Amino acid sequence: MKRSQGFNVLHPMGWDAFGLPAEQYAIDTGNDPAEFTKKNIETFRRQINSLGFSYDWNREINTTDPSYYKWTQWIFIKMFEKGLAYEAEVPVNWCPALGTVLANEEVIDGLSERGGYPVYRVPMKQWMLKITAYADRLLDDLDLVDWPESIKEMQRHWIGKSVGASVTFKIKNSSSEFSVFTTRPDTLFGATYAVLAPELPLVKDIVASEQEAKVTAYIEASEKKSELNRTDLSKEKTGVFTGAYAINPVNGKEIQIWIADYVLSSYGTGAIMAVPAHDERDYEFAKTFNLEIIPVLEGGDILKEAFVGDGLHINSGFLDGLNKQEAIKEIVDWLEAKKVGKKETSYRLRDWLFSRQRYWGEPIPIIHWEDGTTTAVPEEELPLTLPVTKDIKPSGTGESPLANMTDWVAVTDPVTGKKGKRETNTMPQWAGSSWYYLRFIDPHNKKQLADPEKLKQWLPVEIYIGGAEHAVLHLLYARFWHKFLYDLGIVPTKEPFQKLYNQGMILGGNNEKMSKSRGNVVNPDSVVEKYGADTLRLYEMFMGPLDASIAWNENGLEGSRKFLDRVWRLLVDEDNKMRDRVTTFNDGKLTKAYHQTVKKVTEDYDQLHFNTAISQLMVFVNEAYKAEVLPYEYMEGFIQLLAPVAPHISEELWLKLGNKESLTHAAWPVYDPKELVEDKVEVVYQINGKVRGKEKVARDLSREQLEKAALTNESIQKVLFGLTIRKVVIVPNKLVNIVAN
RNA sequence: GCCCUGGUGGUGGAAUUGGUAGACACGAGGGACUUAAAAUCCCUUGGAACGCAAGUUUCGUGCAGGUUCAACUCCUGUCCGGGGCACCA
């Protein structure tokens, strides 16, 4: 439609084909992922073409193609140069029995999905991308885009900016100290114990000898739990006392230091001050382990539950009598003056764990030299390609299978003769998909990621249609990369996607997500063969709103086919000729319906409301069946309206009507608003809000005329008999509501 | 546990800012055409009660309240389904 309206439309298709499933299949079958990925892509391309989508295959891209991932690697090197890519020790799901690192989805209840072997969280050196450096911009620039509010909310929530303070606690009989982050520094007087995340290195330094056994056991147990697992167990609080005490800086009080897995090392400093009187989790924990609870805010009943509302401070020394806002300011000033804390902003967003211990991903273009230095592969050597192999085996050490390929791994500096090893981790699937929309704009460019002039012409992406499962991760990563490229002066816009729309899924007949393991997959090939591509397209669009998930149902499919047949018979007779009813003569009987249809369908398409657009097309066809003459002009317009959902039949009918050129180049039909103006409107008469009558009256009657018309209406008078009119509400051209008793 | 999202006839779903609930389609029922069937065309179709009938009354958008002349729509509470999650300290 947009093309027919004179817009220049970029409608490309690409393949994001790296990733775990392909790797698994390669390991299982001993095939080269590059080969079967190519075959699969060919199948998909054939199916897509059979449905008549007008993709521009000249712009096809494939994230696994070296000429594409050359630029993915190039972006990584730029990040590395800017200090945004760094190495850190991060826990992974290590499965000793399989000799490999597992993805979260491969771990079920602490055991590997394949084989059921135990899985441990162990630290491993990994590449990280510093997305947190962009946290504020990722948050603030959400205001620039036209996205559903719920998605923006999810991203805001994910970034999770919160303003509070850090407070430093000294440890009794020790030179160590630790900081906590709190959004409620004003409740510091109520801090009766502190909790550290079990994996914090400090724990081992401070644990008292008599508690050591218990603490070690607890740490080991929590290593086996994933973070999600920890949340699952949130109802029952667990934890162990370390035997150490911290000094509350505000009153010198000694408080116990515990470890518990409800405190995550990844958020804030991995340590909290617990104020059980005014935090629900701390309250539960304190109740479980019988720890002291001191209220520092007025209101609530700490015998029953934590009080999280606002109240005047009590038991809080110099904060007594202040409200939350005043007290926070006062205590932060105090902490800063005493140098035991300061105002601080914390984000829930963590840096992006960017490496995978896999073969089937973009190689990370980094060399580790024997002298301990680390450099990026020189730009002119890109792309750094994956070594071809049919024999992908786990390395056994937790490294990627690439570690086995010693020829590939070993490098020697041609100038100095220095020896080095290539990075064997590869990039996650998110990498290639974080910038592919840029490559579509200039897919064959050998010199740069894309021509700046072309980027300027096309960006930002006007509408991005994708699944809701990408609401946070993919869309946040892509925004991050885009902003980074903006800072490098490569892309001209701050945001990649102006408008966002989440399409729903078509579910299997049993109302579950289609998947091979559920056996409810519908292959488009068989549907296209039985009913035709147009029917499939029409039905998919007619099933319901684009953003809803709906179960597949073949009955409706027949209905869609019937409609298309009906359209055909409306215009074409048994001899396969255009019907005589289609003529240049216009008796005006279809005029209003036609203009209404053009208006509604055009507007609905614009908003992606395909189901209601199709229903309007059906209404028009029903009208047309009743009409004696079918004005040529209207029929042409109708076919154009139908074309986006059923291109094949539309094109054929278009030719039947005597056109020589394809309809894709014809201008989109327009409606005349004058034809839609009604001189009579139906007005509803209500009594006490209930419909008691309706009548067609002239348009734009005055309030007085409408009231009079209502009161003189026969059925209204009947109901009104014996009642006293209290009030009359009038909505011009719509209704009259008489309040009476 | 938290966050997001949804709940409308037998079914998929419509319904602008609060203003005629159920568009359109599927299914079902009836009729026409046919030797018959399929296909096609036409009619009926939210529930209940009343009526020979045209029709009338009444209930009805998960449930319970509230605001309003008027609520699928706004507010409060609650139940159920779907999706997400990293205990926001």
Side-chain angles (χ1 to χ4, degrees), chain A residues 104 148-151 153-154 157-162 164 180-184 187 191 195 226-228 230-235 237 260-275 278-282 284-285 346-350 467-469 471-473 502 504-505 507 511-513 539 542-545 547-560 562-563 565-566 569 603 609 611-619 621-622 625-626 682-694 715 726-731 733-740:
Chain A
N104 283 337
E149 207 40 54
S150 64
I151 302 268
E153 226 176 293
M154 275 189 243
H157 190 244
W158 192 266
I159 294 165
K161 181 177 185 171
S162 56
V180 302
F181 173 76
T182 175
T183 52
R184 294 298 302 271
T187 60
V195 186
S226 67
E227 288 187 5
L228 185 56
R230 285 188 182 189
T231 28
D232 277 349
L233 300 169
S234 66
K235 278 184 190 163
K237 291 281 184 278
D261 56 16
Y262 81 98
V263 173
L264 297 179
S265 63
S266 54
Y267 184 76
T269 59
I272 63 159
M273 63 177 212
V275 184
H278 305 292
D279 182 282
E280 279 163 22
R281 285 158 311 196
D282 296 346
E284 270 177 59
F285 191 83
S346 187
Y347 297 90
R348 214 174 67 106
L349 182 70
R350 310 201 288 247
E469 69 270 24
V472 180
L473 291 177
N502 287 127
M505 253 182 300
L507 305 172
N511 225 351
E512 287 177 32
K513 203 165 149 179
Y539 176 55
F542 185 58
M543 277 168 86
D547 57 1
S549 295
I550 303 157
W552 184 252
N553 179 336
E554 300 260 330
N555 293 337
L557 207 51
E558 273 169 40
S560 294
K562 265 202 253 178
F563 170 69
D565 287 342
R566 214 165 127 80
R569 282 195 311 271
E603 285 171 0
H609 292 171
N611 57 329
T612 50
I614 292 166
S615 104
Q616 181 62 38
L617 292 173
M618 290 170 167
V619 169
V621 170
N622 289 343
Y625 260 83
K626 287 175 198 152
E682 192 177 54
V683 171
V684 174
Y685 302 139
Q686 297 182 327
I687 291 174
N688 296 329
K690 287 187 180 173
V691 181
R692 296 298 177 184
K694 30 186 129 168
S715 50
R726 300 292 173 194
K727 191 178 172 183
V728 180
V729 181
I730 295 158
V731 181
N733 293 328
K734 276 245 166 82
L735 64 77
V736 178
N737 187 11
I738 300 160
V739 185

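Bear in mind that the values here come from a model prediction, so they are computed numbers and not experimental data. Order of the sequence lines fixes the chain letters, A, B, ..., with proteins taken first and strands second; residue numbering starts at 1 for each chain.
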Could you measure between the two [atom1] atoms, the one in [N] and the one in [M], and give it in whole Å?
N: B:G9; M: B:U78; atom1: C1'; answer: 25 Å
N: B:C63; M: B:C72; atom1: C1'; answer: 15 Å
N: B:U16; M: B:A37; atom1: C1'; answer: 48 Å
N: B:G12; M: B:C2; atom1: P; answer: 30 Å
N: B:G7; M: B:A64; atom1: C1'; answer: 16 Å
N: B:G18; M: B:U68; atom1: C1'; answer: 9 Å
N: B:G6; M: B:U61; atom1: C1'; answer: 13 Å
N: B:G46; M: B:A15; atom1: C1'; answer: 16 Å

Separation of [X] atom [atom1] from [N] atom [atom2], in whole Å?
X: A:L349; N: B:A86; atom1: CG; atom2: C1'; answer: 11 Å
X: A:K626; N: B:C43; atom1: NZ; atom2: C1'; answer: 12 Å
X: A:E153; N: B:C2; atom1: CD; atom2: C1'; answer: 13 Å
X: A:R566; N: B:A25; atom1: CZ; atom2: C1'; answer: 12 Å
X: A:I730; N: B:G19; atom1: CD1; atom2: C1'; answer: 13 Å
X: A:M618; N: B:C24; atom1: CE; atom2: C1'; answer: 7 Å
X: A:D565; N: B:A38; atom1: CG; atom2: P; answer: 17 Å
X: A:D279; N: B:G1; atom1: CG; atom2: C1'; answer: 13 Å

Item checked: Donor-acceptor pair under 3.5 Å, A:R350 side chain vs B:A86 base ->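 For A:R350, whose side chain was compared with the base of B:A86, there is a donor-acceptor pair (under 3.5 Å).
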[X] side-chain proximity, nearest of [options]:
X: A:S615; options: B:A23, B:A89, B:U20; result: B:A23
X: A:L735; options: B:A86, B:G19, B:A89; result: B:G19
X: A:Y625; options: B:A86, B:A25, B:C41; result: B:C41
X: A:N737; options: B:C4, B:U20, B:G19; result: B:G19
X: A:M154; options: B:A89, B:G19, B:C4; result: B:C4

Next item on the list: Indicate yes or no for a side-chain donor-acceptor contact from A:R348 to the backbone of A:H157 under 3.5 Å, with no hydrogens or angles considered.
Entry: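 Yes, the answer is positive, given that a donor and an acceptor are paired below the 3.5 Å cut-off.
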Please enumerate all residues that pass side-chain hydrogen bond (donor to acceptor under 3.5 Å, both in side chains) together with [X], with sequence neighbours excluded.
X: A:S615; answer: none
X: A:Y539; answer: none
X: A:N737; answer: none

Item checked: Sugar-phosphate or base contact per nucleotide [nucleotides 10-18 of chain B; S, B, -; heavy atom under 4.0 Å] -> --BSS----
Next item on the list: Determine: side-chain N/O of A:R348 to OP1/OP2 of B:C85, distance under 4.0 Å, yes or no.
Entry: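 Negative; the distance criterion is not met.
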Using 0.5 Å steps for rounding, measure from the [atom1] atom of [X] to the [atom2] atom of [Y].
X: A:N611; Y: A:F542; atom1: CG; atom2: CZ; value: 7.5 Å
X: A:H609; Y: A:I614; atom1: NE2; atom2: CD1; value: 13.0 Å
X: A:S162; Y: A:R184; atom1: OG; atom2: CZ; value: 13.0 Å

Once you apply a heavy-atom cut-off of 4.0 Å, does [X] come out as touching a base, just sugar-phosphate, or nothing?
X: A:V729; value: base
X: A:N622; value: sugar-phosphate
X: A:V619; value: sugar-phosphate

Report each atom pair, protein N/O against N/O of nucleotides 27-32 of chain B, whose distance is under 3.5 angstrom.
none

Item checked: Contacts of A:V619 that satisfy side chain to side chain contact (heavy atoms under 4.5 Å, CB included) - sequence neighbours left out ->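 Result, side chain to side chain contact (heavy atoms under 4.5 Å, CB included) vs A:V619: A:Q616.
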Check: In chain order, what residues pass the side chain to side chain contact (heavy atoms under 4.5 Å, CB included) check against A:D565, with sequence neighbours excluded?
Finding: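 Testing A:D565 for side chain to side chain contact (heavy atoms under 4.5 Å, CB included), a comparison that skips the adjacent residues, returns A:R561, A:R569.
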Next item on the list: Please tell me if the side chains of A:Y685 and A:I738 come closer than 4.5 Å, counting only heavy atoms from C-beta onward.
Entry: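 Side chain of A:Y685 against side chain of A:I738, heavy atoms only: no contact under 4.5 Å found.
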Check: How would you list, by chain and number, every residue that makes a ring pair (Phe, Tyr, Trp, His ring centres under 6.0 Å) with A:F563, sequence neighbours excluded?
Finding: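 Expected list: none.
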Checklist line | Toward the 5' end of RNA chain B, by each residue's nearest nucleotide, A:K161 or A:S560 | finding: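 First, find each residue's nearest nucleotide; the 5'-ward one identifies A:S560.
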Close N or O pairs between protein and nucleotides 56-58 of chain B (under 3.5 Å):
from: B:U58; atom 1: OP2; to: A:R692; atom 2: NH1; distance (Å): 3.3

Residue pair [X] / [Y]: nearest heavy atoms and the distance that separates them:
X: A:I272; Y: A:V180; answer: C-CG1, 3.5 Å
X: A:M273; Y: A:T182; answer: CE-OG1, 3.8 Å
X: A:V195; Y: A:F285; answer: CG2-CE2, 4.5 Å

Next item on the list: With pairs defined as Watson-Crick or G-U wobble and both distances under 3.5 angstrom, please note down RNA chain B as a dot-bracket string, | for pairing with another strand.
Entry: (((((((..(((......[....)))((((((.......))))))(((((....)))))..(((((..]....))))))))))))....
Check: In chain order, what residues pass the salt bridge (charged side-chain N to carboxylate O under 4.0 Å, His left out) check against A:D282, with sequence neighbours excluded?
Finding: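 Applying salt bridge (charged side-chain N to carboxylate O under 4.0 Å, His left out) to A:D282 gives none.
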Note to self: Which residues pass the salt bridge (charged side-chain N to carboxylate O under 4.0 Å, His left out) test with A:E603, not counting sequence neighbours?
What the structure shows: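 If we apply the salt bridge (charged side-chain N to carboxylate O under 4.0 Å, His left out) test to A:E603, skipping adjacent residues, the hits are A:K599.
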Checklist line | B:G9, syn or anti by chi within 90 degrees of zero | finding: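 Syn, since the glycosidic angle lies within 90° of 0.
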